[in-house]
Amino acid sequence: SVRNENGVFKIVDTTNSTTRFQIISSGITNIEAPLNVNGNFITSGTATINGGNLTISGTSSFLKLNDTDDNPDYKLFNIGGVFQIFDDTNAEVRLKVSTGGNVQIPADNKKFQIGASNDLEIFHDGSNSIINDAGQGNLQIQNAGTTKLGVTSAGINVTGNVIVSGTVDGRDVATDGSKLDGIESG
């Protein structure tokens, strides 16, 4: 039945004595049952789901996030099990999560940045793969909490043994035996 109770418009399931739909005088709309939409569901305000699920089904379904500030708008896709964040304004996939759980940034020169000031950057510039410490401090590679390799503005610091296969500055360390630049061991 359709009712107006104290300024609240309601649709009540009289068989189960349950309010299924209501519009409160403030303009808030509550739906107390599954909402199936065949076509587009568009909201220009806030849509809140309390204790439920939002399911979008279809072969090319997406959730589009628009703003009104002339910033990029985004679409969230699930295409063939691959989750994608698509920059709709610039027509570019920004991020993918594969079915195997791999996270991909599918464009060169787009950085994976970590830290409050985006100090650590990992990216590919089209030719090289780069790990860059773009902020304060030094880049450190650790094993079990102990720094083994530190990259500083002055060079590198190594803690522990260095095992070399090949040449160092043109010298084949492995064939030099116990000699290194004329200095004998022992």
Side-chain angles (χ1 to χ4, degrees), residues 37-49 52-176 180-181:
V37 178
N38 294 319
N40 295 326
F41 176 77
I42 299 171
T43 179
S44 59
T46 300
T48 303
I49 300 171
N53 298 313
L54 174 63
T55 302
I56 302 173
S57 300
T59 56
S60 60
S61 300
F62 59 87
L63 177 63
K64 186 169 183 178
L65 307 171
N66 290 336
D67 69 13
T68 57
D69 298 332
D70 240 3
N71 296 317
D73 297 326
Y74 290 93
K75 289 180 183 175
L76 306 179
F77 284 96
N78 181 358
I79 300 174
V82 177
F83 173 76
Q84 296 184 21
I85 298 177
F86 183 78
D87 178 344
D88 203 35
T89 304
N90 297 303
E92 186 175 1
V93 175
R94 296 294 187 185
L95 183 82
K96 291 181 179 182
V97 180
S98 72
T99 56
N102 295 319
V103 177
Q104 304 163 0
I105 300 174
D108 288 332
N109 290 310
K110 301 300 182 199
K111 299 174 181 177
F112 179 68
Q113 298 176 310
I114 304 170
S117 299
N118 298 320
D119 294 343
L120 177 62
E121 302 174 337
I122 301 173
F123 64 100
H124 191 272
D125 68 3
S127 300
N128 303 295
S129 298
I130 299 170
I131 300 173
N132 183 38
D133 179 11
Q136 297 179 342
N138 298 319
L139 180 63
Q140 299 179 358
I141 298 176
Q142 296 187 349
N143 182 355
T146 302
T147 299
K148 296 297 182 177
L149 177 67
V151 179
T152 70
S153 59
I156 64 168
N157 297 320
V158 178
T159 303
N161 296 327
V162 176
I163 299 171
V164 178
S165 135
T167 63
V168 175
D169 230 3
R171 296 285 306 259
D172 188 343
V173 179
T175 59
D176 278 351
L180 186 60
D181 291 327

Tell me the closest heavy-atom pair linking [X] and [Y], and the distance in Å.
{"X": "Asp73", "Y": "Thr89", "value": "N-OG1, 2.8 Å"}
{"X": "Pro106", "Y": "Arg94", "value": "CD-O, 3.7 Å"}
{"X": "Asp133", "Y": "Asn138", "value": "OD2-C, 3.3 Å"}
{"X": "Asn157", "Y": "Thr152", "value": "ND2-CG2, 3.8 Å"}
{"X": "Gly80", "Y": "Thr99", "value": "O-CG2, 3.8 Å"}
{"X": "Ile85", "Y": "Tyr74", "value": "CG2-CD2, 3.7 Å"}

Are any of the side-chain heavy atoms of Val151 and Ile141 separated by less than 4.5 Å?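 No. Closest side-chain heavy atoms not under 4.5 Å.
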
Once rounded to the nearest 0.5 Å, what's the spacing between atom [atom1] of [X] and atom [atom2] of [Y]?
{"X": "Phe86", "Y": "Glu92", "atom1": "CZ", "atom2": "CD", "value": "8.5 Å"}
{"X": "Gln142", "Y": "Thr147", "atom1": "CD", "atom2": "OG1", "value": "4.0 Å"}
{"X": "Leu63", "Y": "Lys75", "atom1": "CG", "atom2": "NZ", "value": "11.0 Å"}
{"X": "Lys110", "Y": "Ile105", "atom1": "NZ", "atom2": "CD1", "value": "10.0 Å"}
{"X": "Asn132", "Y": "Lys111", "atom1": "CG", "atom2": "NZ", "value": "7.0 Å"}
{"X": "Gln113", "Y": "Ile122", "atom1": "CD", "atom2": "CD1", "value": "10.5 Å"}

Hey, is the main chain of Asp119 close enough, under 3.5 Å, to the side chain of Ser117 for a donor-acceptor pair?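 Side chain of Ser117 to backbone of Asp119: no pair is present.
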
Test your reading of the model: is there a side-chain donor-acceptor pair from Ser129 to the backbone of His124, 3.5 Å cut-off?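 Side chain of Ser129 to backbone of His124: no pair is present.
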
Is the number of heavy atoms from other residues, nucleotides or ligands under 6.0 Å of Phe83 CZ greater than 12?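 Atom CZ in Phe83 is packed in, count exceeds 12.
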
Just wondering, are more than 12 heavy atoms of other shown residues or ligands nearer than 6.0 Å to CG in Leu65?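 It does: Leu65 CG has more than 12 such atoms within range.
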
Evaluate the ring planes of Phe62 and Phe77, with Trp represented by its six-membered ring, and classify them as parallel (under 30°), tilted (30 to 60°) or perpendicular (over 60°).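 If you compare the ring of Phe62 with that of Phe77, the planes turn out tilted.
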
